[in-house]
Amino acid sequence: MTNQVYLALYKGKKSGKGAKVKLARFTDWAIRKITRGQYSHCEIAIDLGGKFECYSSSLRDGGVRRKLIYLTPDKWDFIALPDHVAQQARDLYRQTLGAKYDTWGMFATLIPCIKGSITRWFCSEWCAKAMNLPNPETYSPNDLARHLKP
């Protein structure tokens, strides 16, 4: 039996107090505004039964990483993906482990004159690559959601 695989899309607001939380909330808000949608981040998420094995490139974590996360429906939306995406994500993770986050690349999804890095990744670019979508550098989290939703 295989575990269900999802594109998990972050729609929540970081909880807590302090300067780091305020910066995270501002960053989420800015990404949502810039990319014209409700999502500020995405993950390839493999359901392990309550906890998810998540793969992405995260600004907060500094780049490409694998992380076990409790994803709750109040903060995340889920789009089911084919089972084979789990292995593709694991393979891409092994190839890109240690790569830094590509802040400029994220902006390049909207402003074509800005060029992203070929050695750095932003979340939706990484997820699009794991799904074998063409031109993964052109997708924001909201673009991926629009592309995958019927």
Side-chain angles (χ1 to χ4, degrees), residues 4-47 50-82 85-86 88-90 92-93 95-150:
Q4 181 61 53
V5 182
Y6 298 96
L7 178 68
L9 296 145
Y10 186 66
K11 63 182 178 182
K13 292 185 178 162
K14 177 104 171 120
S15 52
K17 296 182 181 183
K20 282 188 176 182
V21 171
K22 287 180 183 180
L23 179 60
R25 284 186 189 153
F26 174 78
T27 303
D28 288 342
W29 172 85
I31 291 169
R32 289 178 178 125
K33 287 295 178 190
I34 290 167
T35 62
R36 299 178 196 103
Q38 65 177 325
Y39 304 118
S40 61
H41 179 68
C42 60
E43 304 268 346
I44 300 293
I46 303 163
D47 190 351
K51 199 184 298 186
F52 291 81
E53 179 182 357
C54 294
Y55 295 87
S56 190
S57 183
S58 167
L59 176 61
R60 293 177 188 161
D61 293 329
V64 174
R65 55 99 176 107
R66 173 189 169 272
K67 193 173 188 178
L68 293 177
I69 306 174
Y70 291 100
L71 303 178
T72 58
D74 61 320
K75 291 190 176 190
W76 296 85
D77 284 339
F78 303 91
I79 299 174
L81 299 173
V85 174
Q88 290 171 190
R90 290 176 177 129
L92 182 60
Y93 171 71
Q95 294 166 20
T96 60
L97 177 61
K100 301 295 182 198
Y101 188 82
D102 187 7
T103 304
W104 285 112
M106 179 192 56
F107 291 113
T109 63
L110 290 174
I111 307 167
C113 64
I114 296 175
K115 297 295 178 201
S117 170
I118 60 170
T119 60
R120 294 173 176 247
W121 298 84
F122 56 96
C123 65
S124 48
E125 173 188 29
W126 195 95
C127 291
K129 179 73 173 174
M131 292 184 280
N132 283 328
L133 295 178
N135 304 311
E137 70 281 0
T138 64
Y139 291 93
S140 72
N142 291 293
D143 293 331
L144 279 179
R146 287 187 284 270
H147 179 80
L148 294 173
K149 285 184 180 176

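A search for side chain to side chain contact (heavy atoms under 4.5 Å, CB included) contacts involving Pro73 returns nothing, not counting sequence neighbours. Partners of Arg32 by salt bridge (Lys or Arg N to Asp or Glu O under 4.0 Å), not counting sequence neighbours: none found. Take Tyr39 and apply the ring-ring contact (aromatic ring centres under 6.0 Å, His included) test, not counting sequence neighbours, and it matches no residue. Under the ring-ring contact (aromatic ring centres under 6.0 Å, His included) criterion, Phe78 pairs with Tyr6, Phe52, sequence neighbours left out. Residues forming a ring-ring contact (aromatic ring centres under 6.0 Å, His included) with Tyr101 (at least two apart in sequence, or on another chain): none. Partners of Lys51 according to the side chain to side chain contact (heavy atoms under 4.5 Å, CB included) rule, which considers only residues two or more places apart in sequence or in another chain, are Leu68, Tyr70. Scored by the salt bridge (Lys or Arg N to Asp or Glu O under 4.0 Å) test, Lys11 finds Asp77 as partners (sequence neighbours excluded). In this structure, the side chain to side chain donor-acceptor pair (under 3.5 Å) partners of Thr96, at least two apart in sequence or on a different chain, are Trp126. Here Lys67 pairs with Asp61 under the salt bridge (Lys or Arg N to Asp or Glu O under 4.0 Å) rule; sequence neighbours left out. For Ala128, the side chain to side chain contact (heavy atoms under 4.5 Å, CB included) test picks out Leu133, Pro136, Tyr139, Leu144, with sequence neighbours left out. Every residue meeting the side chain to side chain contact (heavy atoms under 4.5 Å, CB included) condition with Ile46, not counting sequence neighbours, appears here in chain and number order: Asn3, Val5, Leu48, Glu53, Tyr55, Ala86, Arg90. For Arg25, the salt bridge (Lys or Arg N to Asp or Glu O under 4.0 Å) test picks out no residue, with sequence neighbours left out.
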Run Thr72 and Asp74 through side-chain hydrogen bond (donor to acceptor under 3.5 Å, both in side chains) and show every step you take. CA-CA 5 Å; Thr72 58; Asp74 61 320; 2.4 Å; yes

Does Met131 form a side chain to side chain contact (heavy atoms under 4.5 Å, CB included) with Leu148? I'd like the steps, not just the answer. CA-CA 11 Å; Met131 292 184 280; Leu148 294 173; 4.0 Å; yes

Let me see the working for Ile79 and Leu9 under side chain to side chain contact (heavy atoms under 4.5 Å, CB included), right down to the final yes or no. CA-CA 8 Å; Ile79 299 174; Leu9 296 145; 3.7 Å; yes

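Between the Glu137 side chain and the Glu125 main chain, no donor and acceptor come within less than 3.5 Å of each other. Listed for the Ser140 side chain is a donor-acceptor partner under 3.5 Å among the backbone atoms of Asn142.
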